[in-house]
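In what follows, a single structure is set out as structure tokens and then discussed.
The sequence lines fix the lettering, A, B, ..., with proteins before strands; numbering per chain opens at 1. Since the structure is predicted, the reported quantities are computational estimates derived from the model, not experimental observations.
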Protein chains: 2
Amino acid sequence: MLHDLLVQNIEKHLQFSNTELDIICSYFKPKVIQKRDFLLTQGSICKFEGFVLEGCFRIFTIDKKGNESTLYFASKDWWLMDIDSFMNQIPSDLNIQALEDSKVLLISRSDKTVLYNQLPTIDKLFRIMSQKALVAWQRRLIRNHTLTAKERYLHFIETYPEIAYKLTDKKISSYLGITHEFLSKIKKLHKKE
Amino acid sequence: MLHDLLVQNIEKHLQFSNTELDIICSYFKPKVIQKRDFLLTQGSICKFEGFVLEGCFRIFTIDKKGNESTLYFASKDWWLMDIDSFMNQIPSDLNIQALEDSKVLLISRSDKTVLYNQLPTIDKLFRIMSQKALVAWQRRLIRNHTLTAKERYLHFIETYPEIAYKLTDKKISSYLGITHEFLSKIKKLHKKE
DNA sequence: TTGCATAGTTGAACTTGTTCAACTCTTTTA
DNA sequence: TAAAAGAGTTGAACAAGTTCAACTATGCAA
């Protein structure tokens, strides 16, 4: 019940027996996060990997000049973590903040190690998931290099309408890598056409 | 002998027995590529995954306006492929071109499938390699959003001096996401300081 | 060795995107 | 429910980066 969405998500990538799914799910503990609360803050070490059951999160960094840059958004059925901090156990550059009241399933780093040892096929699952994520990052870099800010904006709202409608323009602009003032001007000019 | 560098590279990520290493290596076939020749061209489907033994490659795309955008460079001890085209068996957006006479080890898609079945721990190897690659992409996106063109240039030549010295400024600029004229101006102003 | 293609430089005009400040509108909190 | 904080808009001045064109330098092939 609680783990239904997780099971569905996993089975999109790889088939498991019910026994295996039960083992996997047993390590993922539910956690409720209130709007505006943080699951991870810049400077601390990421000790979990998470899967979103309800709500929406923003994963972002604040640079020396104080500008926010959003890496990605994670709503229902998305995974979230700082993989850099989680893998290398170094202080994170990222903040993970709930944009609304949310519910996640978390697996701790130590439990993930146990799971890898207990169920070797889990490597295949995360191998496939990581490779799909690599494809997404590669495509995003190409878009960042070849599209204008306006094209990137239109691509974003067309590709992720269910996420975009929840977001303020300030947050969308920080994902696109532009200022919110400029996004406002893009939208104004776009309407006139 | 031929596979020594590959073995060393693999063992940086995960330990294998000699028997296992022999199996893995048996699927990687050497191929010599001459300067300026292509290992993959835009529009064709990527049927291999490669590891560079000698030389240097550029992985880039050409957009509708005719502008080149470089995803990355791969010299000795680097992996190279279009993971998007390889995984999804769709026409590639990328070109992989030798910048000098080069030598690679290639594993075909079908052999990789055989290898995954024959040696399940190979999933763990590629899981780890993919996760490290994800870390690199994540860091690059943050740099692209938070650093100026000049800062990105300095970061690149400091981080990859052995690659950078082989490259023309035109190729470096297409990696940084700026025009080669602008890179020329950046370098001029930088020298004066 | 000449000639041709490619790489790099520079300047001027231009476009894209930023900064700052002022203002309006909406949402949150006391 | 008032006030404060945050989100969005707009304009003007500015900075970052592009485009185009002309030129120089370098490497490569006949």
Side-chain angles (χ1 to χ4, degrees), chain A residues 34-38 56 58 60 62-70 73 95 97-101 143-157 163-193, chain B residues 34-38 56 58 60 62-70 73 95 97-101 143-157 163-193:
Chain A
Q34 291 207 303
K35 185 168 179 173
R36 269 182 291 278
D37 278 355
F38 288 81
C56 190
R58 180 165 75 107
F60 66 101
I62 300 177
D63 68 20
K64 308 135 231 164
K65 297 166 220 149
N67 294 317
E68 291 187 4
S69 173
T70 298
F73 301 99
N95 302 283
Q97 185 179 29
L99 300 178
E100 48 190 60
D101 290 347
R143 286 197 303 275
N144 282 350
H145 273 192
T146 60
L147 302 183
T148 63
K150 182 181 168 181
E151 290 168 330
R152 271 158 25 228
Y153 170 65
L154 294 175
H155 175 273
F156 178 73
I157 57 170
I163 297 186
Y165 90 92
K166 296 181 180 184
L167 301 172
T168 62
D169 282 357
K170 227 173 168 175
K171 281 161 185 133
I172 294 178
S173 63
S174 82
Y175 174 88
L176 299 173
I178 57 176
T179 59
H180 68 279
E181 293 96 331
F182 189 55
L183 177 54
S184 175
K185 286 161 195 172
I186 287 173
K187 290 175 79 169
K188 189 184 177 190
L189 291 170
H190 184 60
K191 272 180 219 149
K192 286 192 184 163
E193 281 170 14
Chain B
Q34 292 208 302
K35 185 169 179 173
R36 269 181 293 276
D37 279 356
F38 288 81
C56 190
R58 180 166 74 107
F60 65 102
I62 301 177
D63 68 20
K64 309 133 229 165
K65 297 167 220 150
N67 293 318
E68 291 187 2
S69 173
T70 298
F73 301 100
N95 302 283
Q97 185 180 29
L99 299 179
E100 49 190 59
D101 291 348
R143 286 196 303 275
N144 282 349
H145 272 192
T146 60
L147 302 184
T148 63
K150 181 180 168 182
E151 289 168 331
R152 266 149 39 220
Y153 170 67
L154 295 175
H155 175 272
F156 178 72
I157 58 170
I163 297 186
Y165 89 93
K166 296 181 179 184
L167 301 172
T168 62
D169 281 358
K170 227 173 167 174
K171 281 160 184 134
I172 295 178
S173 63
S174 81
Y175 173 87
L176 299 173
I178 58 175
T179 60
H180 68 280
E181 293 96 330
F182 189 56
L183 177 54
S184 176
K185 286 162 196 172
I186 286 172
K187 290 175 79 170
K188 190 184 176 191
L189 291 171
H190 184 60
K191 271 180 218 149
K192 286 193 183 161
E193 282 169 14

SG-CD distance between B:Cys56 and B:Gln97, expressed to the nearest 0.5 angstrom: 11.0 Å
If each of B:Lys171 and B:Phe182 is mapped to the nucleotide of DNA chain C with the nearest heavy atom, which maps nearer the 5' terminus, i.e. the 5' end? B:Lys171
Value in whole Å for how far the C1' atom of C:dT28 lies from CD of A:Gln34: 14 Å
Distance, rounded to the nearest Å, where B:Ile178 contributes CD1 and C:dG8 contributes P: 13 Å
Distance col, row A:Arg152:CZ vs A:Leu147:CG, nearest 0.5 angstrom, shows 7.5 Å
Rounded to the nearest Å, what distance is computed from the NZ atom of residue A:Lys150 to the P atom of nucleotide C:dT16? 10 Å
For A:Ile172 and C:dG17, give me the distance from atom CD1 to atom P, rounded to whole Å. 17 Å
Measure the spacing between CG of A:Leu154 and NZ of A:Lys187 and express it to the nearest 0.5 Å. 10.5 Å
Quick one: on DNA chain D, does A:Leu183 or B:Thr148 contact a more 5' nucleotide (nearest heavy atom)? A:Leu183
What is the distance, to the nearest angstrom, from the NZ atom on A:Lys65 to the P atom on C:dT19? 8 Å
I want to verify a distance call: between C:dG8, C:dT10, D:dT9, whose nearest atom is closest to the B:Glu181 side chain? C:dT10
Taking OP1 and OP2 of D:dT18, is either one under 4.0 Å from a side-chain nitrogen or oxygen of B:Thr179? yes
A:Leu189 CG - C:dT15 P separation (whole Å): 14 Å
Nearest 0.5 Å, what's the CG-CD1 distance between B:Leu167 and B:Ile157? 11.5 Å
Pick one: which of B:Arg36, B:Lys35, B:Lys166 meets salt bridge (Lys or Arg N to Asp or Glu O under 4.0 Å) with B:Glu100? B:Lys166
N/O (side chain, A:Lys188) to phosphate O (OP1/OP2, D:dG11) under 4.0 Å: yes
Tell me whether the side-chain N or O atoms of B:Lys185 pair up with the base of D:dT19 as donor and acceptor below 3.5 Å, since no angle test is needed here. yes
Closest-nucleotide ordering on DNA chain C, the 5'-leading residue of A:Arg152 and A:Lys35: A:Arg152
C:dT29 OP1/OP2 closer than 4.0 Å to side-chain N/O of A:Arg36: yes
Specify the separation, in whole Å, of atom NZ of A:Lys166 and atom P of D:dA7. 17 Å
A:His145 NE2 - D:dG17 P separation (whole Å): 12 Å
With nearest nucleotide decided by heavy atoms, which residue, A:Lys170 or B:Asn67, maps closer to the 5′ end of DNA chain D? A:Lys170
